[in-house]
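The structure appears below as C-alpha cells.
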Amino acid sequence: MTSLVRAVNVEKRFGALHVLKGVNLEVKKGEVVCLVGPSGSGKSTFLRCVNQLEDIDAGLIWIADEPVGFERRGQSLHELSPADAARRRSRIGMVFQHFNLFKHMTVLENLTLAPRIVLRENEAAYLPRARALLEQVGLAEKANSYPAQLSGGQQQRVAIARALCVQPQLMLFDEPTSALDPELVGDVLAVMRDLAQTGMTMIVVTHEIGFARDVADRVAYFHDGQILEIGAARDVIGAPQHERTKSFLASVR
Amino acid sequence: MTLTTPIPVDEQPFDIRRRRHLGRWISGTIVLGLLALLAYSAATNPRFEWESIGGYLFAPAILNGVIVTLQLTFISMAIGIALGVILAIMRLSPNPVLSWSSAGFVGFFRGTPLLVQLIFWYNLSALYPVISFGIPGVALNANELITPFLAAILGLSLNQAAYMSEIVRAGIISVDRGQREAATAMGLTGGQTMRKVILPQAMRVIIPPTGNELVGMLKATALVSVIAVADLLYSAQIIYARNFDVIPLLIAVSIWYVVLTTILSIGQEFLERHYSRGTVFATASRSGLVRRMFATGRIARLDEGEQR
C-alpha cells in the first residue's frame with residue numbers, strides 16, 4: 001500500500017503559542033487513523049492543516065505526492081494561487097464538530113453545491129449520487145428539509161454525505177460526535193464505520209475511544225503538539241506504552 | 001396494585017371568569033377622543049383647503065416631481081448598495097490598504113452632513129473646472145458634465161454607500177465562522193463562498209436596516225431641492241412660490257411621501273420572508289388584535305404562531 005498522506009515535521013504557531021511542534025504522520029491509502037489526546041494537544045489543528053484551513057509554519061504535508069499549499073516544479077515549491085488551493089481542497093472531504101451545514105439551503109442543496117459549482121458537473125451526474133448518499137446515511141426522506149429542522153445527529157450525517165458528494169480521496173473528521181447528545185452518537189459512528197469498510201482513507205480526531213479501538217487501523221496519541229505514541233489501535237488503546245497515554249486513556253474511559 | 005390516581009367523582013367543571021381590563025378601556029377611550037378632536041379640527045379648518053389638495057396631488061408638475069424623486073431614490077440606492085457591498089468586503093479584507101481606505105471613505109462620508117456633500121458636488125466645477133479622469137486627451141467641462149441631477153446622484157449614493165457598507169459588514173460578520181470554513185473546505189473560492197454562502201445568509205441581517213435606509217433615502221431626496229433638482233418637494237415649492245398655497249401643497253407632497261414609503265415597506269416585508277428560508281422564526285399572529293387589546297376571548301396559547 002502506498003501512503004496517501006505524509007506529514008513531515010509539521011509546525012504551527014498562533015502568535016506566541018506553539019501548537020504543533022514537529023508532527024510526523026503517514027497515512028496509507030484505505031487506512032483509518034484516529035487522533036486522540038487531551039484538548040489543546042494540537043490534533044484538531046493538525047487536521048485543519050491537512051486541507052490547508054491553516055497554513056503551516058514549518059515542515060511539509062504531502063497528499064498523493066503533492067505538497068499541501070504548493071506546486072512542485074523540479075526542486076522548488078511554488079505557493080498555490082487561492083483558486084488552485086481551493087481545487088486541491090475539493091479532493092478532501094471534511095466533517096466538523098458543529099456540522100456547519102449551510103443553513104439557507106435544503107439538505108439536497110447542501111450536498112450538490114460543491115459538485116455543481118466547484119466540480120462543475122452536470123445535474124445528471126451529481127443528483128443521483130447525492131440521493132444515493134442520502135439513502136446511505138438513512139436520510140433520503142429529508143432531502144428537502146432545512147438543517148434547522150433536523151436533529152444534531154441527522155445534521156452530522158448530512159454533513160458526512162455532503163463531504164462524500166465531491167467523491168474525495170480522503171476524509172477528515174474533526175470531533176464529529178462531540179457536539180451531539182449521547183443518544184445520537186451511535187447513528188453517526190455507524191455511518192463512519194460503514195464508510196471505513198468501503199475502504200475510504202480517514203483521519204478522525206475523536207474522543208470515542210471505543211470507536212477508535214474497533215474501527216481504526218492505527219491510533220496516534222497527541223500530547224503537547226507532538227505524537228507521543230502511535231501504533232495499531234489495539235496496542236495503543238489496549239496496552240499503551242507511555243505513562244501519559246495510560247493516564248489519558250484511564251481518564252476518558 | 002394500580003398506580004393511577006383516582007379522579008374525584010364529585011369534581012365540578014369550573015366556570016372560568018376572565019379579568020376585565022378596565023385600564024385598557026379608559027386609555028383607549030382617551031386616545032380615540034383626542035384623535036376625533038384632531039380629525040374634527042382638520043375637517044372644519046378651511047385653511048387646510050382640502051378641495052385644492054386633491055387637485056395638487058395629481059398636478060403634472062407634482063407627478064413629474066414624484067418621478068424624479070423615485071429616480072433619485074432608486075438610482076442612488078442601487079449605487080449605494082453596490083458600492084456598500086464592495087466597501088464592506090474591502091473593510092474585511094486582509095489587505096491593510098483596502099481595509100483602511102474603506103474605513104476612511106466611511107469615516108468621511110458619514111462624518112459630513114449630506115446637505116454639505118450635495119452642495120459640494122453641485123459646486124465641483126469650482127474645484128475642477130476641467131475633468132479628464134487622468135486620461136490624456138480627455139477634457140470635459142465640469143459645469144456641463146455635473147448637472148444638478150448628477151450632483152444629486154453623486155451626493156446621495158456616495159453618502160448611502162458609507163452607511164450601507166456598515167450594514168453589509170454587520171451582516172457578513174453575523175454569519176457563523178463555520179459556514180465559511182465548510183465552504184472553504186469543500187473547495188469553494190473566496191468569491192464563491194461570499195456569493196453562495198455568506199451573503200445569502202447575511203441578507204437576513206442586512207434587509208431590515210436596508211429597508212429603513214431606503215425609506216430614509218426617499219425622504220432624504222427632498223434635500224436636493226437646495227441644488228435646484230425638480231424633485232417632489234422642489235416642484236411644490238415652485239408652485240407655492242407663485243400662488244402662496246403653501247399648506248395644501250405641503251400636504252399633497254406629504255401624502256405622496258407617505259404613500260411611497262408605505263409601498264416600499266410592504267416590499268421589504270416580502271423580501272424579508274424570502275431571505276428567512278431555513279430559519280426557525282415565530283411569525284407573530286396578527287389576528288386577534290382586538291382580543292389582545294381587550295382580552296375578550298380565551299387566553300392566547302403559547303404555541304400559537306410557532307407554526308412555520
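So that the names make sense, note that chain A is the first sequence line, chain B the second, and so on, each numbered from 1.
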Side chain, backbone, both or neither of Phe102(A) within contact of chain B (heavy atoms, under 4.5 Å):
both
Determine the minimum heavy-atom distance between Met186(B) and Ala114(A), stating which atoms define it.
SD-CB, 3.6 Å
Which one of Ala86(A), Pro82(A), Ala83(A), Ala163(A) has the most heavy-atom pairs closer than 4.5 Å to chain B?
Ala86(A)
Using a 4.5 Å cut-off on heavy atoms from C-beta on, say whether the side chain of Val197(B) contacts that of Leu113(A).
yes
Can any side-chain N or O of His104(A) pair as donor or acceptor with the backbone N or O of Lys196(B) at less than 3.5 Å?
yes
Look at atom CG of Asn95(B) and say whether more than 12 heavy atoms of other residues, nucleotides or ligands are closer to it than 6.0 Å.
yes
When you measure from the side chain of Gln179(B) to the backbone of Leu101(A), do you find a donor-acceptor pair of N or O atoms at a distance under 3.5 Å?
yes
Could you walk me through whether Val118(A) and Thr189(B) satisfy the side-chain contact (heavy atoms from CB on, under 4.5 Å) test, starting with their C-alpha distance in whole Å, then the side-chain angles of each, then the deciding distance to 0.1 Å, before giving a yes or no?
CA-CA 8 Å; Val118(A) 177; Thr189(B) 63; over 6 Å; no
Is Arg91(A) close to chain B through its backbone or its side chain, or both, or neither, when contacts mean heavy atoms under 4.5 Å?
neither
Measure the spacing between CD of Glu181(B) and NE2 of His98(A) and express it to the nearest 0.5 Å.
10.5 Å
Over 12 non-hydrogen atoms of neighbours within 6.0 angstrom of CD in Glu135(A)
no
Can you tell me if CD on Glu141(A) sees more than 12 non-hydrogen neighbours from other groups inside 6.0 Å?
yes
Would you indicate whether Ile16(B), at its atom CD1, is surrounded by more than 12 heavy atoms from other residues, nucleotides or ligands within a distance under 6.0 Å?
no
Check whether Arg88(A) gets within reach of chain B through its side chain, its backbone, both or neither, counting any heavy atom under 4.5 Å.
neither
So for Leu172(A), is it side chain, backbone, both, or neither that comes closer than 4.5 Å to the heavy atoms of chain B?
neither
Separation of Asp176(B) CG from Asn100(A) CG (nearest 0.5 Å)
6.0 Å
Under 4.5 Å from any heavy atom of chain B - which part of Leu53(A):
side chain
Crowding at CZ, Phe108(B) (>12 non-hydrogen neighbours, <6.0 Å):
no
Apply side-chain contact (heavy atoms from CB on, under 4.5 Å) to the pair Lys103(A) and Val175(B), showing each step before the final yes or no.
CA-CA 10 Å; Lys103(A) 298 182 182 113; Val175(B) 178; over 6 Å; no
For Phe96(A) versus Ala185(B), what's the shortest heavy-atom pair and its separation?
CZ-CB, 3.9 Å
Residues, nucleotides or ligands: over 12 heavy atoms within 6.0 Å of Arg180(B) CZ:
no
Taking Ile92(A), Val166(A), Ile117(A), Leu119(A) one by one, which has the highest count of heavy-atom pairs under 4.5 Å against chain B?
Ile117(A)
